[in-house]
Amino acid sequence: MKYLFGNWKMNQTISLIDEFSKNFKKQKLPKDVKFAIAVPFPYVQYLQKKLRKNCEIGVQNVCFAEKGAYTGEISVNMLNDLGVNFCLVGHSERRQIFKETNEQINKKIQLLLSANITPVLCVGETLKELKANKTEEVLKNQLNQCLLNLQGDTNKIVIAYEPVWAIGTGKTATAKDVQKNIKFIKKHLIKIMGNTGKCIKVLYGGSVKPENAFELLNNETVDGALVGGASLSAETFVNIGKQLSGVN
Ligand code: PEP
């Protein structure tokens, strides 16, 4: 089974969602691909009603604290009440714009696991780190710190390898580098998590579109994709899913 996660970021409106849902339902979905979209909080329940049968609905963030005086934040219990299936954590936009730290990300993952919600942890190097040949060091540090001392069902964690310089830029890593870095992540997960590490799915994200999906994703190393811009259109999103189909 391959995984295709969309990330709508701070996009869409009710009328665009209606159009998306209408078009999504018209498509024939491959059976061996699991579709999921991380949507803005206000649209969770609306989309659950519209798409629940064929597409999991998740969110893009959660607070690192359980409850209390955190104005504007959303707690893991609130996500649970909504029946949210998964939550992105550590997306580079949150790390860069909102200064989220690995320590906070670690707390978020622990809270999500306790609530039985799948954490989708994003890791990846910046352009500066790539140029300084630091990709593996960065990935290792992010994994070590974000996955530190976790309790519970850790095998449900999903990792998205997203080179920061490839997100929303139209640039992608080469298929060879994607596989090399995902192999490194998988090896490191086994090192820090033992046998549990073997169960963890590792996706690629960064300017995936129908034109490059087959080359980047259709192999046994990459377990799927996290897609931003190309997930806003149902046709494009499902088209990427079709190219993931047929492996594993
Ligand atoms: C993302 O937001 O995680 C992402 C990969 O975006 P894009 O596909 O637009 O590069």
Side-chain angles (χ1 to χ4, degrees), residues 2-12 16-17 20 24 33-41 43 47 55-62 84-100 102 105 108-109 112 118-127 129-130 135 138-139 142-143 146 157-175 177-179 181-182 185 201-218 222-244:
K2 293 267 191 174
Y3 287 41
L4 181 59
F5 282 81
N7 174 15
W8 279 358
K9 312 193 187 196
M10 200 171 70
N11 293 302
Q12 302 293 48
L16 289 172
I17 287 174
F20 181 97
F24 189 82
V33 178
K34 182 167 136 174
F35 288 83
I37 308 175
V39 305
F41 292 120
Y43 301 132
L47 273 152
C55 184
E56 289 193 1
I57 302 300
V59 293
Q60 303 162 22
N61 189 30
V62 66
V84 157
N85 294 100
F86 73 92
C87 176
L88 302 184
V89 274
H91 191 280
S92 67
E93 285 152 19
R94 296 221 52 93
R95 291 178 189 263
Q96 293 192 325
I97 305 168
F98 301 100
K99 309 293 171 222
E100 210 164 278
N102 285 328
I105 294 163
K108 292 180 182 202
I109 296 175
L112 289 165
T118 298
V120 180
L121 167 65
C122 306
V123 294
E125 80 285 359
T126 62
L127 188 59
E129 290 159 346
L130 173 77
T135 300
V138 169
L139 294 175
Q142 288 177 338
L143 293 170
C146 296
I157 297 170
V158 173
I159 308 283
Y161 167 55
E162 299 209 303
V164 180
W165 50 271
I167 298 178
T169 59
K171 295 186 187 128
T172 62
T174 61
D177 282 345
V178 170
Q179 288 185 50
N181 291 330
I182 289 187
I185 290 171
K201 300 275 184 192
V202 186
L203 322 176
Y204 168 74
S207 296
V208 173
K209 47 190 179 201
E211 295 77 15
N212 59 25
F214 189 84
E215 195 193 345
L216 288 169
L217 312 172
N218 201 286
V222 184
D223 297 314
L226 174 56
V227 178
S231 69
L232 294 172
S233 139
E235 288 93 336
T236 317
F237 189 49
V238 174
N239 187 332
I240 293 172
K242 285 180 183 161
Q243 302 192 52
L244 276 167

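Along the sequence shown, residues are numbered consecutively beginning with 1. All ligand and atom numbering here is 1-based and tracks the order in the structure. The shown structure was predicted, so the numbers you read here are calculated from the model rather than taken from an experiment.
Open room surrounds CD on E215; 12 or fewer heavy atoms of other groups in view lie less than 6.0 Å from it.
The backbone of A166, and not its side chain, has at least one atom closer than 4.0 Å to an atom of ligand 1 (non-hydrogen atoms only; backbone = N, CA, C, O). With a heavy-atom cut-off of 4.0 Å, N7 touches ligand 1 through its side chain alone.
Residue contacts with ligand 1: A230 is placed with no nitrogen or oxygen under 3.5 Å of a nitrogen or oxygen of the ligand (distance criterion only). The shortest N or O to N or O distance between G168 and ligand 1 is below 3.5 Å. In terms of polar-atom proximity, defined here as any N/O pair under 3.5 Å, E93 makes no such contact with ligand 1. Considering both main-chain and side-chain atoms, I167 never comes within under 3.5 Å of ligand 1 through any nitrogen or oxygen pair.
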(request) For side-chain hydrogen bond (donor to acceptor under 3.5 Å, both in side chains), just list the numbers for N61 and K108, CA-CA rounded to whole Å, side-chain angles, deciding distance to a tenth of an Å, and then say yes or no. (result) CA-CA 9 Å; N61 189 30; K108 292 180 182 202; 2.7 Å; yes

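When all heavy atoms of I157 and I159 are compared, the pair lying nearest together is CG2-CD1, 4.1 Å. Across all their heavy atoms, E125 and Y161 have their closest contact at OE1-OH, 3.0 Å. Of all non-hydrogen atoms in P163 and A173, the two that sit nearest each other are CG-CB, 4.4 Å. Contact between I240 and A213 at its shortest, heavy atoms only, is CG2-CB, 4.0 Å. Between T172 and G206, the shortest heavy-atom distance links the atoms CG2-O, 3.4 Å.
Of the protein's non-hydrogen atoms, H91 NE2, 3.2 Å is the one closest to atom 1 (C) of ligand 1. Distance from atom 3 (O) of ligand 1 to its nearest protein heavy atom, with residue and atom name: E162 OE2, 2.7 Å. Regarding atom 8 (O) of ligand 1, its nearest protein heavy-atom neighbour is G228 N, 2.8 Å.
Atoms of ligand 1 found under 4.0 Å from any heavy atom of G206, numbered from 1 in the order shown, are 5 (C), 10 (O). Every atom of ligand 1 is numbered from 1 in the order shown, and the set under 4.0 Å from a heavy atom of L226 is 3 (O), 5 (C). Residue K9 has at least one heavy-atom neighbour below 4.0 Å for each of these atoms of ligand 1: 1 (C), 2 (O), 6 (O). Annotation for ligand 1: atoms under 4.0 Å from non-hydrogen atoms of G229 are 7 (P), 8 (O), 9 (O).
Q243 and N239 share a donor-acceptor pair across their side chains, judged by distance under 3.5 Å alone.
By the 30° and 60° cut-offs, the orientation of the rings of F20 relative to F237 is tilted.
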